[in-house]
Amino acid sequence: MTILRIATALLLAGLLAVAGCASTPPRDDTLYRELGQRSGIEALVETLLFRVSDDPRIAHHFADVDIIHLNDRLVEFLCVQSGGPCTYAGKPMAEAHKHMTVGEADFNALVEDLMWAMDERKLPRTTQNRLLRVLATMQRDVVRRGPPPVEAPLLPPQP
């Protein structure tokens, strides 16, 4: 994994997040087929989750997670996002991550782990870049600077 490739992926993620792109599944299944269809996506997710569990930068985010459930939802999610014939039964990204404090560094570490997993699965660079473009649009739904602010109660008017 080269520094240039990481920098490019992070720059792309930042630009797409700023642009506010919507997370809409594609109309064709080209990326789904390039990922190896459902079995290829299942293998990619398994490789990614093993990598994440060993990554000291972000493993703590997954310590109390039902890994089987996460695996299933990630497979469904990637299948739908790549144009496959799947149904995603999970929560929207913003909802799924609202209770978490996921910083930029955490998000970037996950992207690096995904890139590593795609290399391990020997996915072509063009396929990797297409998947990263799709997922980068969700950065703003995942990254949080801290817990949601607590709304202060309204105080009665002062005499």
Verdict with supporting geometry, Glu76 and Thr87, side chain to side chain contact (heavy atoms under 4.5 Å, CB included): CA-CA 6 Å; Glu76 291 171 358; Thr87 302; over 6 Å; no

Kindly determine whether Asp72 and Val45 satisfy side chain to side chain contact (heavy atoms under 4.5 Å, CB included), including the steps that lead there. CA-CA 9 Å; Asp72 293 347; Val45 168; over 6 Å; no

Can you check side chain to side chain contact (heavy atoms under 4.5 Å, CB included) on Trp116 and Thr47, steps first, answer last? CA-CA 9 Å; Trp116 179 89; Thr47 303; 3.8 Å; yes

Give the intermediate values and the outcome of side chain to side chain contact (heavy atoms under 4.5 Å, CB included) for residues Ile41 and Leu74. CA-CA 9 Å; Ile41 292 171; Leu74 277 176; over 6 Å; no

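A salt bridge does not link Arg33 to Asp28: none of the charged nitrogens lies less than 4.0 Å from a carboxylate oxygen. A salt bridge links Glu112 to Arg57: one of the charged nitrogens lies within less than 4.0 Å of a carboxylate oxygen.
Leu135 contributes atom CG, which lies 9.5 Å from atom OG of Ser82 (distance to the nearest 0.5 angstrom). Here Phe107 contributes atom CZ and Ile58 contributes atom CD1; the two are 11.0 Å apart, rounded to the nearest 0.5 Å. Atom CG in Leu31 sits 5.0 Å away from atom CZ in Arg130 (nearest 0.5 Å). Between the CZ atom in Phe62 and the CG atom in Asp55 there is a gap of 9.0 Å [rounded to 0.5 Å]. Rounding to the nearest 0.5 Å places CZ of Arg121 at 11.5 Å from CG of Leu35. Atom CG of Asp54 sits about 11.0 Å away from atom CG of Leu49, to the nearest 0.5 Å.
Residue Pro85 comes nearest to Cys79 through the heavy atom pair N-SG, 4.1 Å, listed as atom of the first residue, atom of the second, then distance. In terms of heavy-atom proximity, Ser53 sits nearest to Ala59 at O-CB, 3.7 Å. Closest approach of Asn71 to Glu46, counting heavy atoms only: OD1-N, 4.2 Å. Contact detail for Cys86 and Arg38: the closest heavy-atom pair is SG-NH1, 3.5 Å.
Panel note: side chain Thr127, backbone Leu123; no donor-acceptor pair is recorded below 3.5 Å. Judged purely by atom type and a 3.5 angstrom limit, Asp29 has no side-chain atom pairing as donor or acceptor with the backbone of Tyr32. With hydrogens and angles disregarded, no donor-acceptor distance shorter than 3.5 Å links the side chain of Glu42 to the backbone of Val75.
Between Leu132 and Val111, some side-chain heavy-atom pair lies under the 4.5 Å cut-off. Side-chain contact between Leu78 and Val134 is absent, with no heavy atoms from C-beta onward closer than 4.5 Å.
None of Asp113, Ile67, Leu114 except one satisfies the side chain to side chain contact (heavy atoms under 4.5 Å, CB included) rule with Val52; the exception is Asp113.
Met118 and Phe50 sit in two unconnected hydrophobic clusters of ILVMFWY residues. Membership requires side-chain heavy atoms under 4.5 Å apart, directly or through other members.
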